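Quantities reported herein were computed from a predicted structural model and do not represent experimental measurements. In what follows, every chain begins at residue 1, and chains take the letters A, B, ... in the order their sequences are listed.
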There are 2 protein chains.
Amino acid sequence: MLTHSEENHLKCIYHLSNKSNGAINTNAIAKSLETKAASVTDMVQKLATKGLASYLKYKGVRLTTKGEKEALKVVRKHRLWEVFLVKELGYNWDQVHDIAEQLEHIKSSTLIDKLDTFLEYPKFDPHGDPIPDANGVIASKPTTTLNILKPGDTCTVICAKDSSSDLLLFLDKVHISLGSKLEVIDYFEFDGSYSVKVDNGSAITLSTKVAENIFIDKL
Amino acid sequence: MLTHSEENHLKCIYHLSNKSNGAINTNAIAKSLETKAASVTDMVQKLATKGLASYLKYKGVRLTTKGEKEALKVVRKHRLWEVFLVKELGYNWDQVHDIAEQLEHIKSSTLIDKLDTFLEYPKFDPHGDPIPDANGVIASKPTTTLNILKPGDTCTVICAKDSSSDLLLFLDKVHISLGSKLEVIDYFEFDGSYSVKVDNGSAITLSTKVAENIFIDKL
DNA sequence: TATTATTTTTAGCTATGTCTAAATTTATTT
DNA sequence: AAATAAATTTAGACATAGCTAAAAATAATA
């Protein structure tokens, strides 16, 4: 059983490994976790002892397969809880990180899969980051935006490209949220706007600018 | 800010104070928390220093007003999370305690009230224990069962009196769950059975025995 | 009431996880 | 290549929260 601190270090190393390749520096971890290099050294040695990381003095850390598996579990929990907080409890995506940071450490062999089912197996969190499945398989970040769709196409909304509150307010007003199902009814060459049905309801109009800023999952 | 252990001790003292009156023994707390008397002494002294409990050596502890307020916050969190786990995630009421025991320690000034709203302000948890409101006001355990209702009366389901799996299975089959709205349509003198509408759906028949074992909140 | 039993506290130890400061290694620059 | 700078590790400290064993206080019993 891993401690909160061990899980945090694993997750941190996992994230840093995705940004740069090669082993991860003690200092980078310390900065990211807002702790001190000396403390990181201790934890990293502990993770190595447990077979979760490979560590060479002065050279940096990497996760082992086992360590990455554990890191992905934490990432999965964090992102699923974020979906819950935004989709179900009505938080904004910029408010949920600290709470998810705590919820990701809840220990239970069944909880997270039940939550996943409850949320209907979301593939992305409210920031657009992919959610690992129960086996630790993880997709890449979304690249498709609404404006590549043609009339007749359908999709689900993943997240906004930029999280300016102006855009969020607009989306909220037209009842587009995380996971909304959209159907493109029409496209108008004149101004590049779209007519779109939201969750099989009434059709609304979206400007090019809006369409360019909504990440989607094409169906 | 309280630690997990401090919160656990406060909650424990709160619960024991409701069972017996007078100050609470160190030993009773230790037994309840599955720890040792010496450890409890330490924590209790700490709580006293923080103004959360009044403590006299060898005489036992009581919560101060401040301490009881904090205890009630933890109880509120625990029970609301239990409702979430049962009502939303599909756990049985005998499976949720350990998970709620962890969730109750999540720190956030907004989370629990949003959860309360999401769950539509339940008054009782799945074990029938009352949930303190945001101000710490708490009702007493339910005493009313379905069999006191007359045709035309309506109520919401609080919980089952005994949690035998037979009864739970039956209730599940007829789609009666925590928070279901029931309307008594008819009562049959012959066998004491009831005709009841569940959530404004179709009418079903409940035997006297079932009716005697469902705690309700009369509307 | 004196004695024994029980409860509670104190004292001292341990483990975890953090820190600072000093020592060491690695990297950079002249 | 030597000197300096930066990064990393080690050593030693501290706080929290738990424990055991011994001491002290209280309760129960002969």
Side-chain angles (χ1 to χ4, degrees), chain A residues 1-13 16-17 19-63 67 70-71 74 101-102 104-107, chain B residues 1-13 16-17 19-63 67 70-71 74 101-102 104-107:
Chain A
M1 191 73 83
L2 301 172
T3 66
H4 287 203
S5 186
E6 286 169 344
E7 288 187 343
N8 284 337
H9 281 77
L10 287 174
K11 194 178 56 149
C12 179
I13 298 166
L16 293 172
S17 299
K19 282 184 192 163
S20 66
N21 41 3
I24 306 304
N25 312 327
T26 306
N27 248 358
I29 298 169
K31 194 175 290 176
S32 166
L33 291 179
E34 295 183 307
T35 177
K36 297 299 151 87
S39 311
V40 172
T41 302
D42 288 347
M43 276 309 303
V44 151
Q45 290 176 333
K46 197 178 165 195
L47 293 177
T49 309
K50 290 196 172 192
L52 296 161
S54 66
Y55 167 63
L56 275 174
K57 268 190 191 179
Y58 299 100
K59 299 297 182 184
V61 225
R62 292 164 198 275
L63 294 182
E70 291 300 327
V74 182
E101 205 71 7
Q102 298 176 63
E104 74 189 11
H105 299 299
I106 302 290
K107 257 85 184 167
Chain B
M1 192 74 82
L2 302 173
T3 66
H4 287 202
S5 184
E6 287 168 344
E7 288 187 342
N8 284 336
H9 281 78
L10 286 173
K11 195 179 56 151
C12 179
I13 298 166
L16 292 173
S17 298
K19 283 184 193 162
S20 66
N21 42 4
I24 306 303
N25 313 326
T26 305
N27 249 356
I29 298 169
K31 194 175 289 177
S32 167
L33 291 178
E34 295 183 309
T35 176
K36 297 297 152 88
S39 311
V40 171
T41 301
D42 288 348
M43 276 308 304
V44 151
Q45 289 177 333
K46 197 176 164 196
L47 293 177
T49 309
K50 290 197 172 189
L52 297 161
S54 65
Y55 167 62
L56 277 173
K57 269 190 190 179
Y58 299 101
K59 299 298 182 185
V61 224
R62 292 164 198 274
L63 295 182
E70 291 301 327
V74 182
E101 205 71 10
Q102 298 176 64
E104 74 189 10
H105 299 299
I106 301 291
K107 257 84 185 168

Subject >> Which residue lies more 5' along DNA chain C, comparing A:Tyr58 with B:Gly60 via nearest heavy atoms >> reply: B:Gly60
Nearest of [options] to any side-chain atom of [X]?
X       : options               : result
B:Ala37 : C:dT9, D:dT9, C:dT18  : C:dT9
B:Thr41 : C:dG17, D:dT9, C:dT8  : C:dT8
B:Ser39 : D:dT9, D:dA24, D:dC19 : D:dC19
B:Ala38 : D:dT8, C:dA11, C:dC19 : C:dA11

Do [X] and [Y] have side chains that approach each other closer than 4.5 Å (heavy atoms only, starting at C-beta)?
X       : Y       : answer
B:Ile13 : B:Ile29 : yes
A:Val61 : A:Leu56 : no
A:Thr41 : A:Tyr55 : yes

Respond yes when some side-chain nitrogen or oxygen of [X] is under 4.0 Å from OP1 or OP2 of [N], and no when none is.
X       : N      : value
B:Thr26 : C:dT9  : yes
A:Ser5  : C:dT18 : yes
A:Asn27 : D:dT8  : yes
A:Asn25 : D:dT8  : yes
B:Thr35 : D:dA17 : no

Between [atom2] of [N] and [atom1] of [X], the distance in whole Å:
X       : N      : atom1 : atom2 : answer
A:Leu2  : C:dG17 : CG    : C1'   : 15 Å
B:Leu33 : D:dC19 : CG    : C1'   : 15 Å
A:Lys46 : C:dG17 : NZ    : P     : 3 Å
B:Lys57 : D:dA24 : NZ    : C1'   : 10 Å
A:Lys36 : C:dT18 : NZ    : P     : 12 Å
B:Glu7  : D:dA17 : CD    : P     : 11 Å
B:Leu56 : D:dT26 : CG    : C1'   : 14 Å
A:His9  : C:dG17 : NE2   : P     : 10 Å

Original post:
Between A:Glu70 and A:Lys11, is there a salt bridge with N-O shorter than 4.0 Å?
Top reply: no
**OP:** Determine the interplanar angle of the B:His105 and B:His4 rings, folded into 0 to 90°, and report it as parallel if under 30°, tilted if 30 to 60°, perpendicular if over 60°.
**Re:** parallel
Subject >> Sugar-phosphate only, base, or nothing, as touched by A:Asp42 at under 4.0 Å among non-hydrogen atoms >> reply: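 Base contact.
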**OP:** Under 4.0 Å between any heavy atoms, over every strand shown, what does B:Gln45 touch: base, sugar-phosphate, or nothing? Just pick one.
**Re:**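 Sugar-phosphate, no base atom in range.
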